[in-house]
Amino acid sequence: MAPTFDDGNSLFEFVVRDGYGVKGLVDVGISQVPERYVQPPKERIEKGSAKPLNVPPVDLSKLDGPDHDKAAEEIVRAAENLGFFQVVNHGVPVELLESLKAAAFRFFEQEPEKKALFRKGASPSPHVKYGTSFVPEKEKALEWKDYISMVYTSDDDALNFWPEICKEVALEYLKTSLDMVKKLLKVLISNLKLTVEDSEIEALIGLKMVNMNFYPTCPDPDLTVGVGRHSDMGTLTILLQDGIGGLCVKVEEDMDALKKGVWVEIPPVSGALVINVGDTLQILSNGRYKSAEHRVRTTSTQSRVSIPIFTIPKSTEKIGPLPHVVERDGVAHYREVLFGDYMNNFFGNAHDGKKSLDFAKIEITL
Ligand SMILES: O=C(O)CCC(=O)C(=O)O
Ligand SMILES: [Fe+2]
């Protein structure tokens, strides 16, 4: 008979401390969602509650031709409105996208002991971490997700310490994405101020991290979340999702027919990558670009994988609204912060929508 984990502590021990993850829980044959994973009603995601967003992906090859301005305009609008968009002709080979999804499955389908080698405290490198949920110690209800996180410092470090089973494809994904990230940032920053130095862009993406997320099938998706409501803390996130779906984004301001507060789903598009604005870019643009609040619904039919690249400033970097933008706006909505402090605050708290931005927000009292 499958263990019941009646006592919340033994479940926490098994899933988090021993490193079995949600995958381990599903593999022992649970037929009900354990109490520790049941979300409070206001965080649950009703099936079908988010309608698919019907916006065609931006064709990034146009940035290099006569339609440059039109493509740039689409990118700027998306960053100002929803904070999420999809791209095609992005320069990352489509076959590589397929290999990445396969590599993510390979990693998570290994025996628990193999994955546990990369648990916090056990991992041979501070740059590689296997875990489950977001910050389990701080969460009332855990997220239905396991992950492996790989910070890039150099090719040598990646090839020596990232998991053998996925390191080559993950590194290739990171490298082939970077040109696109720089192009997107050039478009977004030059829309805020006329000249942009390459060094400014480099400073915004001083650190890069590739994650692989695994969302096992869930006995009752109405009770759980794959990832709770949050915004990403960095500059831009590049995300590869598979064909299952479930990534939902909150509309922050009224947008044509979409009303503020409504959730929309980013539909899987074969060969496309999802791009989203992170808190850093919202701060830098003094709020013009939106780091959208998003979350993931679980499914009961098939496991889902997603593979984000987070581009973030180095922890020693100071980030604040661009002076030129503050001058134009007449007011700064954010203070300058040391990115390391921002990051510690982000990882020190459970996901809670866009609360992470409060760390840098200047409250205007009238
Ligand atoms: O799995 C997804 O589609 C999104 C994951 C996500 O939001 C994250 O890892 O920050
Ligand atoms: Fe995210």
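Just so you know, these numbers come straight off a predicted model, no measurement behind them. All ligand and atom numbering here is 1-based and tracks the order in the structure. Position 1 is the first residue of the sequence, and the numbers go up from there.
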Visitor: Decide if atom NZ of Lys120 counts as having more than 12 heavy atoms of other residues, nucleotides or ligands within a radius under 6.0 Å.
Guide: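 No, not enclosed.
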Visitor: Considering residues, nucleotides and ligands other than Glu35, do more than 12 of their heavy atoms fall under 6.0 Å from its CD?
Guide: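 Open: at most 12 neighbouring heavy atoms sit under 6.0 Å from CD of Glu35.
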Visitor: Using modelled atom types and a 3.5 Å cut-off, is there a donor and acceptor pairing between side-chain atoms of Lys145 and backbone atoms of Val227?
Guide: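 Between the backbone of Val227 and the side chain of Lys145 there is no qualifying donor-acceptor contact (under 3.5 Å).
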Visitor: What protein heavy atom is closest to atom 9 (O) of ligand 1, reported as residue, atom name and distance in Å?
Guide: Asn213 ND2, 3.2 Å
Visitor: Should Gln241 be counted as touching ligand 1, given the test is an N or O pair under 3.5 Å?
Guide: no
Visitor: With a heavy-atom distance limit of 4.0 Å, tell me whether Tyr215 approaches ligand 1 through its side chain, its backbone, both, or neither.
Guide: side chain
Visitor: So, Ser190 side chain and Leu194 main chain: donor-acceptor pair closer than 3.5 Å or not?
Guide: no
Visitor: Would you kindly check if the NZ (Lys) or CZ (Arg) of Arg77 is within the cone defined by 45 degrees around the ring axis of Phe85 and under 6.0 Å from the six-membered ring centre?
Guide: no
Visitor: Quick check for you: to the nearest 0.5 Å, what is the distance between Tyr173 atom OH and Leu96 atom CG?
Guide: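 Interatomic distance, Tyr173 OH to Leu96 CG, rounded to 0.5 Å: 9.0 Å.
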Visitor: Take the Fe ion (ligand 2) as the vertex and measure to NE2 of His230 and NE2 of His294; round to 10°.
Guide: 90°
Visitor: Is it the side chain (CB and beyond), the backbone, both or neither of Asn211 that lies under 4.0 Å from ligand 1, heavy atoms counted?
Guide: neither
Visitor: For atom 3 (O) of ligand 1, find the nearest protein heavy atom and state the residue, atom name and distance (0.1 Å precision).
Guide: Arg304 NH2, 2.8 Å
Visitor: Got the closest protein heavy atom to atom 10 (O) of ligand 1, with its distance?
Guide: His230 NE2, 3.1 Å
Visitor: Looking at Tyr130, Tyr147, Phe105, Phe107, which one forms a ring pair (Phe, Tyr, Trp, His ring centres under 6.0 Å) with Phe214?
Guide: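 By the ring pair (Phe, Tyr, Trp, His ring centres under 6.0 Å) criterion, Phe214 pairs with just one of Tyr130, Tyr147, Phe105, Phe107: Phe105.
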Visitor: What N, O or S atom of Asp232 is found closest to the Fe ion (ligand 2)?
Guide: OD1
Visitor: Please identify which atoms of ligand 1 are closer than 4.0 Å to at least one heavy atom of Phe310.
Guide: 8 (C), 9 (O), 10 (O)
Visitor: Please work out whether any backbone atom (N, CA, C, O) or any side-chain heavy atom from C-beta onward of Leu239 is under 4.0 Å from ligand 1, and answer side chain, backbone, both or neither.
Guide: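 Side chain only; the backbone of Leu239 stays clear of ligand 1.
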Visitor: Between Glu172 (side chain only) and Glu168 (backbone N and O only), is there a donor and an acceptor less than 3.5 Å apart?
Guide: no
Visitor: If we only consider heavy atoms of Tyr147, is any one of them less than 4.0 Å away from an atom in ligand 1?
Guide: no
Visitor: Looking at His294 and Leu247, would you say the former's side chain and the latter's main chain have a donor-acceptor pair under 3.5 Å?
Guide: no
Visitor: Tell me: protein heavy atom nearest atom 4 (C) of ligand 1, and distance?
Guide: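 Of every protein heavy atom, Val296 CG2, 3.7 Å lies nearest to atom 4 (C) of ligand 1.
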Visitor: Going by the order shown, which atoms of ligand 1 are within less than 4.0 Å of some heavy atom of His294?
Guide: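 Contacts of ligand 1 toward His294, numbered from 1: 7 (O).
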